[in-house]
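Hydrogens, waters and symmetry mates are skipped; everything else that's a heavy atom, side chains included, is used. Everything numeric in this text was worked out from a predicted model, so none of it was measured.
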Amino acid sequence: MEAEICENKGDGCPQMPQRTLAHVKNKQKRQEMFRKMQIEKRKEKLKEKKKRKKEEEMAGDKAKPKQVPKTIENMRVFDETMVDPQDQEVSYDETTDEMAPYFNRETTPKVLITTSDKAAWRTRRLCKELSSCIPDSQVHHRRHLPLKRIIKKAQENDFTDLLVINDDRGKPNGLVISHLPEGPTTHFKMSSVKLRQDIKRCGKTSDHKPELILNNFNTRLGHTIGRQIASLFPHDPNFVGRRVVTFHNQRDYIFFRHHRYVFKNNKKAGLQELGPRFTLKPRSVQKGTFDSKFGEYEWVHKRHEMDTSRRKFFL
């Protein structure tokens with residue numbers, strides 16, 4: 001291909017191996033030749049794709065099944081704690097765990113959101129934006145109160161959950177979710193935080209109760225965390241508002257997104273992000289409410305001991 005380009009240019013350059021332009025000393029000429037190579041490569045790839053699609057259409061039912069590319073997700077190391085929806089033990093645990101009153105519609109979520117001491121502006125702003133995503137939630141400043149005292153006051157005022165957003169050097173870096181009154185308490189590392197002002201073409205939220213989507217919480221641990229997240233939101237969403245909150249788990253990273261959707265036709269839907277946006281990574285699950293000294297932990301992520309393979313996940 002390089003030889004053909006050289007002949008068209010008339011510079012008489014010798015033939016070189018494909019995809020090698022080291023013989024061209026002029027930088028601008030080399031960039032132009034590389035650009036033309038990329039264009040030709042894309043054209044050939046598109047031509048092969050059309051040819052393959054035409055052959056599949058002609059073959060009909062006899063066409064070869066499409067090959068599934070290998071990814072870290074579908075090559076995941078087998079986990080014996082994967083949840084079977086038909087498992088009677090799992091069903092029993094769901095009817096007796098701490099979140100059972102919520103799923104039995106015996107309680108209505110009421111969430112208290114607070115921060116660490118001397119929280120930065122971005123952390124306080126994130127609390128405010130998060131409260132607009134979670135209905136029936138209230139934001140209160142920490143005011144140097146110990147967390148145990150806040151939990152006690154929250155229980156007295158019939159709050160069902162407590163969210164604490166921690167920060168470091170002016171940036172939110174941690175989230176604690178404590179289900180009241182008996183736990184569990186989950187600690188997450190928080191990263192990639194974007195407020196509404198940081199998101200392009202961000203829409204304005206409404207007062208409608210959002211729909212909730214939880215993806216890929218498949219193990220016993222993931223099931224517990226997913227149920228705890230679900231218990232933050234009201235039972236019956238207002239579908240008229242077309243708001244949806246998504247917690248998508250991928251490789252043990254939980255991506256939080258908040259959108260408004262509209263159906264353009266029977267096959268396509270348009271999305272507008274409402275913000276905020278952040279990523280969570282579970283660090284520990286503790287029985288009961290928050291207790292850093294004497295708390296009993298169900299699960300703790302120990303990176304050097306547990307991360308033995310890139311294809312091993314815990315949620």
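By the side chain to side chain contact (heavy atoms under 4.5 Å, CB included) test, Ala230 is found to be paired with Phe103, Leu212, Leu214, residues two or more places apart in sequence or in another chain being considered. The side chain to side chain donor-acceptor pair (under 3.5 Å) check on Arg251 picks up Glu73, with sequence neighbours excluded. The side chain to side chain contact (heavy atoms under 4.5 Å, CB included) check on Ile39 picks up Arg35, Arg42, Lys43, with sequence neighbours excluded. Arg52 is linked by a side chain to side chain contact (heavy atoms under 4.5 Å, CB included) to Lys49, Glu56, counting only residues two or more places apart in sequence or in another chain.
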Task: Full working for ring pair (Phe, Tyr, Trp, His ring centres under 6.0 Å) between Phe247 and Phe255 - done: CA-CA 6 Å; Phe247 289 86; Phe255 299 94; over 10 Å; no
- [ ] Walk me through it: do Leu221 and Val285 pass the test side-chain contact (heavy atoms from CB on, under 4.5 Å)?
- [x] CA-CA 9 Å; Leu221 174 64; Val285 178; 3.7 Å; yes
Open item on the list: What verdict does the salt bridge (charged side-chain N to carboxylate O under 4.0 Å, His left out) test give for Lys287 and Glu296, after you've listed the backbone C-alpha separation in whole Å, the side-chain angles of each residue and the deciding distance to 0.1 Å?
Closed with: CA-CA 6 Å; Lys287 291 184 178 180; Glu296 181 182 354; 3.5 Å; yes
- [ ] Test Asn249 against Asn215 for side-chain contact (heavy atoms from CB on, under 4.5 Å), laying out the working first.
- [x] CA-CA 6 Å; Asn249 171 48; Asn215 289 331; 6.0 Å; no
Open item on the list: Please determine whether side-chain contact (heavy atoms from CB on, under 4.5 Å) holds for the pair Asn173 and Met190, giving the CA-CA distance in whole Å, both sets of side-chain angles, and the decisive distance to 0.1 Å.
Closed with: CA-CA 5 Å; Asn173 71 336; Met190 179 181 286; 5.6 Å; no
TODO: Check step by step if salt bridge (charged side-chain N to carboxylate O under 4.0 Å, His left out) holds for Arg125 and Asp198.
DONE: CA-CA 12 Å; Arg125 184 68 184 178; Asp198 305 324; over 6 Å; no
Task: Test side-chain hydrogen bond (donor to acceptor under 3.5 Å, both in side chains) applied to Arg243 and His259, step by step - done: CA-CA 6 Å; Arg243 283 178 59 200; His259 291 94; over 6 Å; no
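Around the NZ atom of Lys194, the shell of radius 6.0 Å holds no more than 12 heavy atoms that belong to other residues, nucleotides or ligands. For His235, the NE2 atom counts as densely surrounded, since its 6.0 Å shell holds more than 12 non-hydrogen atoms of other residues, nucleotides or ligands. Other residues, nucleotides and ligands contribute at most 12 non-hydrogen atoms within 6.0 Å of the CZ atom of Arg310.
The side-chain heavy atoms of Leu315 and Asn216, taken from C-beta on, include no pair separated by under 4.5 Å. Contact of the Val244 side chain with the Ile213 side chain is registered, since non-hydrogen atoms from C-beta on lie closer than 4.5 Å. Annotation: side chain of Phe34 is not in contact with side chain of Glu32 (no heavy-atom distance under 4.5 Å). Here the side chains of Thr308 and Lys312 are in contact, with some heavy-atom distance below 4.5 Å. Val245 has its side chain out of reach of Arg257: every pair of non-hydrogen atoms, C-beta onward, lies at least 4.5 Å apart. Side-chain contact between Asp161 and Leu112 is absent, with no heavy atoms from C-beta onward closer than 4.5 Å. Inter-residue side-chain proximity for Glu182 and Thr289 is flagged as unmet; no heavy-atom pair is nearer than 4.5 Å. At least one side-chain heavy atom of Arg220 sits under 4.5 Å from a side-chain heavy atom of Val90.
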Show which side-chain atoms of residues 261-268 pair as donor or acceptor with protein atoms under 3.5 Å away, not counting sequence neighbours.
{"residue": "Tyr261", "atom": "OH", "partner": "Glu211", "partner atom": "OE2", "Å": "2.5"}
{"residue": "Asn265", "atom": "OD1", "partner": "Lys267", "partner atom": "N", "Å": "2.8"}
{"residue": "Asn265", "atom": "OD1", "partner": "Lys268", "partner atom": "N", "Å": "2.7"}

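Asn238 places no side-chain N or O within 3.5 Å of a backbone atom of Val240 that could act as its donor or acceptor partner. The backbone N or O of Arg242 lies less than 3.5 Å from no partner atom in the side chain of Arg260, so there is not a single donor-acceptor pair. Using a distance-only test at 3.5 Å, with no hydrogens or angles considered, no donor-acceptor pair links the side chain of Asn218 to the main chain of Met82. With hydrogens and angles ignored, the 3.5 Å screen pairs a side-chain donor or acceptor of Lys110 with a backbone N or O of Asn157. No donor-acceptor pair closer than 3.5 Å links the side chain of Glu273 to the backbone N or O of Ile199. No donor-acceptor distance shorter than 3.5 angstrom exists from the side chain of Thr185 to the backbone of Gln286, with no hydrogens or angles considered. No side-chain donor-acceptor contact under 3.5 Å links Thr160 to the backbone of Pro109. Without hydrogens or angle criteria, Thr96 side chain to Tyr92 main chain gives a donor-acceptor distance under 3.5 Å. Side-chain N or O atoms of Gln272 include none that pairs as donor or acceptor with a backbone N or O of Cys202 at under 3.5 Å. Of the possible donor and acceptor atoms, none in the side chain of Ser192 sits under 3.5 Å from a partner among the backbone N and O of Phe278.
Checking Arg283 against His187 by side-chain atom types alone, no donor-acceptor pair falls below 3.5 Å. A donor and an acceptor atom, one from each side chain of Thr71 and Arg76, are nowhere located under 3.5 Å apart.
Between Asp117 and Arg143 there is no salt bridge, since no side-chain N of the basic residue sits under 4.0 Å from a carboxylate O of the acidic one. Residues Asp167 and Lys118 are not paired through a salt bridge, judged by the lack of any N-O separation under 4.0 Å between the basic side chain and the carboxylate. Ion pairing between Lys148 and Asp291 holds under the 4.0 Å rule for side-chain N and carboxylate O. Salt-bridge check for Arg105 with Asp236: passed, with a basic side-chain N closer than 4.0 Å to an acidic carboxylate O.
Hydrophobic clustering, with ILVMFWY side chains joined whenever heavy atoms are under 4.5 angstrom apart, keeps Phe290 apart from Ile225. One hydrophobic cluster, built from ILVMFWY side chains closer than 4.5 Å, holds both Leu195 and Leu163. Cluster membership check: Leu175 shares its hydrophobic cluster with Ile113, using side-chain heavy-atom separations under 4.5 Å among Ile, Leu, Val, Met, Phe, Trp and Tyr.
The nearest pair of heavy atoms linking Pro234 to Tyr102 is O-OH, 3.8 Å.
If you look at His248 and Phe256, their ring centroids are not closer than 6.0 Å.
Applying the ring pair (Phe, Tyr, Trp, His ring centres under 6.0 Å) test to pairs two or more places apart or on separate chains, none has a residue in residues 202-226.
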